[in-house]
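To start, the structure itself, in structure tokens.
Numbered from 1 within each chain, the chains take letters A, B, ... in sequence-line order. Values in this document were obtained by computation on a predicted structure and should not be read as measured data.
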Protein chains: 2
Amino acid sequence: MSESARQRKRQTPKSGATIRMVAKEAGVSTATVSRVLTQSGTVKPELEERVRRAIEALGYEPNAAARGLSNGSLRNIGIIMPDMTNPYFFHVVDQVTRGASEDGYRVLMASSYGNPDQELATALELRPQVDGLILLSSRIGASGLRELARAKTPTVLVNRVEQGVDLPVAAVDHMAATMQLCGHLFSLGHRKVVYLSGSTLSWQDQERWKGMLMARHMGLETVRVESEGTIESAYEAMDRALGFKPTAIVAFNDLAAVGALSRLQDLGISVPDQMSLTGFDDIPLSRHIQPHLTTVHSPTRELGDLAWNLMSQSLAGEANLEVRYALAELILRDSTGPAARSVASIQ
Amino acid sequence: MSESARQRKRQTPKSGATIRMVAKEAGVSTATVSRVLTQSGTVKPELEERVRRAIEALGYEPNAAARGLSNGSLRNIGIIMPDMTNPYFFHVVDQVTRGASEDGYRVLMASSYGNPDQELATALELRPQVDGLILLSSRIGASGLRELARAKTPTVLVNRVEQGVDLPVAAVDHMAATMQLCGHLFSLGHRKVVYLSGSTLSWQDQERWKGMLMARHMGLETVRVESEGTIESAYEAMDRALGFKPTAIVAFNDLAAVGALSRLQDLGISVPDQMSLTGFDDIPLSRHIQPHLTTVHSPTRELGDLAWNLMSQSLAGEANLEVRYALAELILRDSTGPAARSVASIQ
DNA sequence: ATGAAAGCGCTAACAT
DNA sequence: ATGTTAGCGCTTTCAT
């Protein structure tokens with residue numbers, strides 16, 4: 001918009017002092033200034049002092065781009081997630097960020113807004129800016145993932161295991177955890193449960209649903225009802241779920257369980273007396289709603305740590321195509337109980 | 001860690017094809033390649049095609065640092081927030097990110113973990129990497145803020161208004177909203193309410209408490225009980241709050257209200273019959289817990305938009321020291337009701 | 001211990 | 001329309 005900046009040719013926005021100006025001010029060479037900047041040791045205290053004073057006087061600040069160009073790296077890590085408003089992801093991001101900043105990396109964050117194509121495009125666009133890419137619950141197709149794996153930019157997957165994709169992975173074993181959950185319900189006498197799904201595009205959803213299918217072997221009838229893993233979508237899906245006359249609801253995650261509970265309460269169906277309900281993730285909220293939620297603790301801290309460890313290794317050039325699992329844990333609280341007679345369907 | 005990378009002098013990590021290699025491959029000059037890269041128009045279609053093929057063949061990817069150095073900008077924006085695990089902030093970040101990416105900026109994210117000193121340090125460290133800085137609920141002291149304002153890097157404050165600091169601000173008028181909340185309670189017959197505080201370092205907390213103090217003028221006795229604005233801390237602070245025998249609790253935010261509610265339920269105190277309770281923020285959850293929470297809708301979308309607009313202007317070199325307010329809105333639901341006889345203190 | 005100077009990869013002014 | 005080339009600001013080798 002502003003036309004007034006056209007006077008100088010080759011304008012340099014945000015131009016400040018350069019290393020050369022500092023050098024001149026301090027009466028030394030640029031090499032010396034660089035040496036004190038990078039703490040490379042050998043600079044006579046007196047010179048160092050002069051340089052520091054010059055830096056102070058000029059308000060000098062190193063230019064990140066120049067430094068990055070010279071060093072061959074900007075020391076940025078990119079994180080892409082499907083949904084920036086889901087607290088679960090942020091606990092992971094938070095942990096990754098701690099690791100990254102300890103190692104001198106900054107974090108560039110982007111959301112794919114749940115769209116696989118956009119996610120791949122974002123990954124490709126981010127790639128030139130970063131030293132490494134971390135994909136949370138990626139929804140990119142297998143071929144896209146393979147494309148990313150082929151490139152030299154280290155890439156780590158969190159909560160997404162894909163056969164034939166050579167990428168290191170940090171994940172929780174959602175399938176096993178879900179089977180545990182089903183075992184718990186079965187032992188309480190439940191024989192018919194509805195799985196209130198997450199997004200079909202989500203790997204977690206696929207894994208958890210696989211767990212539900214496995215549970216059929218133990219004699220549990222499992223029905224899938226589509227939803228999106230949010231409070232609202234679960235609330236809305238509940239009427240369909242009740243149509244199947246289950247005695248228990250296995251919600252995709254805690255948020256969905258909250259939505260389901262909200263609907264049940266509206267209908268006057270008591271949990272766990274008339275209906276058992278489980279979540280997944282163990283977000284702080286889950287132990288503070290009434291009734292306290294039976295759920296699966298999904299360790300975000302560990303997941304973030306694993307992801308960053310994997311990334312460090314990749315950054316260091318060590319090939320590591322392992323899948324590392326963080327351990328999930330069943331948390332029994334008050335939202336599950338003995339199977340009651342099926343409540344009346346509302347449809 | 002790896003010692004094996006020391007062989008080449010001046011090693012270039014992640015070295016790939018350069019523009020020069022592409023130029024040679026396509027049989028053109030680097031300028032031509034640059035022209036097709038930057039879509040600067042005038043390149044004969046045939047040449048352009050050759051260049052694109054060369055890019056493809058070599059798997060060329062532009063070097064962000066070099067580009068940034070040449071352009072004088074990396075096109076990054078930094079966002080600093082006190083707590084990466086609070087959903088409220090992320091809704092704002094999400095919105096800012098949308099605006100930024102539309103304008104071709106990427107977002108560098110950092111957390112200060114609630115520590116003012118670290119926040120300033122982070123801001124200073126981030127500054128060289130970014131074109132602009134957005135501070136969410138900054139806890140940096142006034143002098144630190146002034147220091148940031150003096151520098152050439154555009155800086156925008158969200159939810160923090162500080163006299164004598166020349167920085168553009170996007171905020172919600174928390175004080176006014178809190179007074180409205182108090183008016184609502186007063187009209188229901190409440191005369192003594194406890195404010196379950198947030199962190200003292202938070203501007204929002206100060207503003208809301210000011211609102212509580214103002215409410216005294218209408219005859220409402222208001223007491224402050226310290227807490228941290230989290231589910232857990234509010235849960236723990238409730239016993240102290242009840243010691244004051246209030247008829248209503250004004251929690252710092254919805255999360256705190258959930259914690260307060262959880263404790264009240266444990267004690268068998270019914271909301272709103274025996275105790276009224278309010279939140280702040282209107283996170284999705286607030287309408288799905290039992291009872292549905294009376295709260296203040298704090299418009300994160302608008303806040304994010306305002307912040308990005310302010311940033312765009314600053315980036316364009318337009319001086320704008322305005323404070324822009326997003327409108328908060330009182331949401332009456334089921335957690336507030338007529339004042340009952342004060343419940344028995346539990347201490 | 002310090003300085004001179006050669007790049008790092010890209011953009012854009014200038015020349016053709 | 002295309003090529004040549006001079007930087008952008010920093011790091012590091014090499015020479016002293």
Donor-acceptor contact below 3.5 Å, side chain A:Arg146 vs main chain A:Val165: no
Per atom distances to the B:Tyr60 side chain, the nearest of C:dG3, D:dC10, C:dC10 is C:dC10
If I take atom CD1 in residue B:Ile55 and atom C1' in nucleotide C:dC10, what distance separates them, rounded to the nearest angstrom? 13 Å
Looking across every strand, which nucleic acid part, if any, lies under 4.0 Å from A:Thr38 by heavy atom: base, sugar-phosphate, or nothing? sugar-phosphate
Would you call A:Arg301-A:Asp94 a salt bridge at under 4.0 Å N-O? yes
Pair B:Glu322 + B:Arg324, salt bridge at N-O below 4.0 Å: yes
C:dG9 P sits how many Å from B:Glu25 CD, rounded? 17 Å
Compare side-chain N and O positions of A:Ser70 against OP1 and OP2 of C:dC8 and report whether any pair is under 4.0 Å apart. no
Which of the following nucleotides, C:dG9, D:dA1, C:dA12, is nearest to the side chain of B:Lys44? D:dA1
Please give, in whole Å, the distance from D:dT11 P to A:Leu37 CG? 6 Å
In whole angstrom, what separates A:Arg20's CZ from D:dG7's C1'? 10 Å
The side chain of A:Ala31 is closest to which nucleotide in this list: D:dT12, D:dT2, C:dA12? D:dT12
B:Ile134 side, atom CD1; B:Leu108 side, atom CG - distance, nearest 0.5 Å: 12.0 Å
How do B:Ala66 and B:Leu47 order along DNA chain D: which one's closest nucleotide is nearer the 5' end? B:Leu47
Between D:dT2, C:dT11, D:dT11, spot the one nearest the side chain of B:Val43, thanks. D:dT2
Take B:Arg35 and B:Pro62, find for each the nucleotide of DNA chain C with the closest heavy atom, and name the residue whose nucleotide sits nearer the 5' end. B:Pro62
So, OP1 or OP2 of C:dT11: does either fall under 4.0 Å of a side-chain N or O from B:Ser34? yes
Give B:Val33 one of three labels, base, sugar-phosphate or nothing, depending on what nucleic acid heavy atoms sit under 4.0 Å from its own. nothing
What is the separation between atom CD on A:Glu61 and atom P on D:dG9, rounded to the nearest whole Å? 14 Å
Taking CZ from B:Arg50 and C1' from D:dT2, how many angstroms apart are they, rounded to a whole number? 11 Å
Tell me whether the OP1 or OP2 atom of D:dG3 has a side-chain N or O from B:Ser29 closer than 4.0 Å. yes
Using OP1 and OP2 only, check whether a side-chain N or O of B:Arg67 sits under 4.0 Å from C:dT11. yes
Separation of B:Leu69 atom CG from C:dG7 atom C1', in whole Å? 12 Å
Nearest-angstrom distance from the residue atom CG of B:Asn63 to P of C:dC8: 11 Å
Between B:Ser314 (side chain) and B:Leu310 (backbone), is there a donor-acceptor pair under 3.5 Å? yes
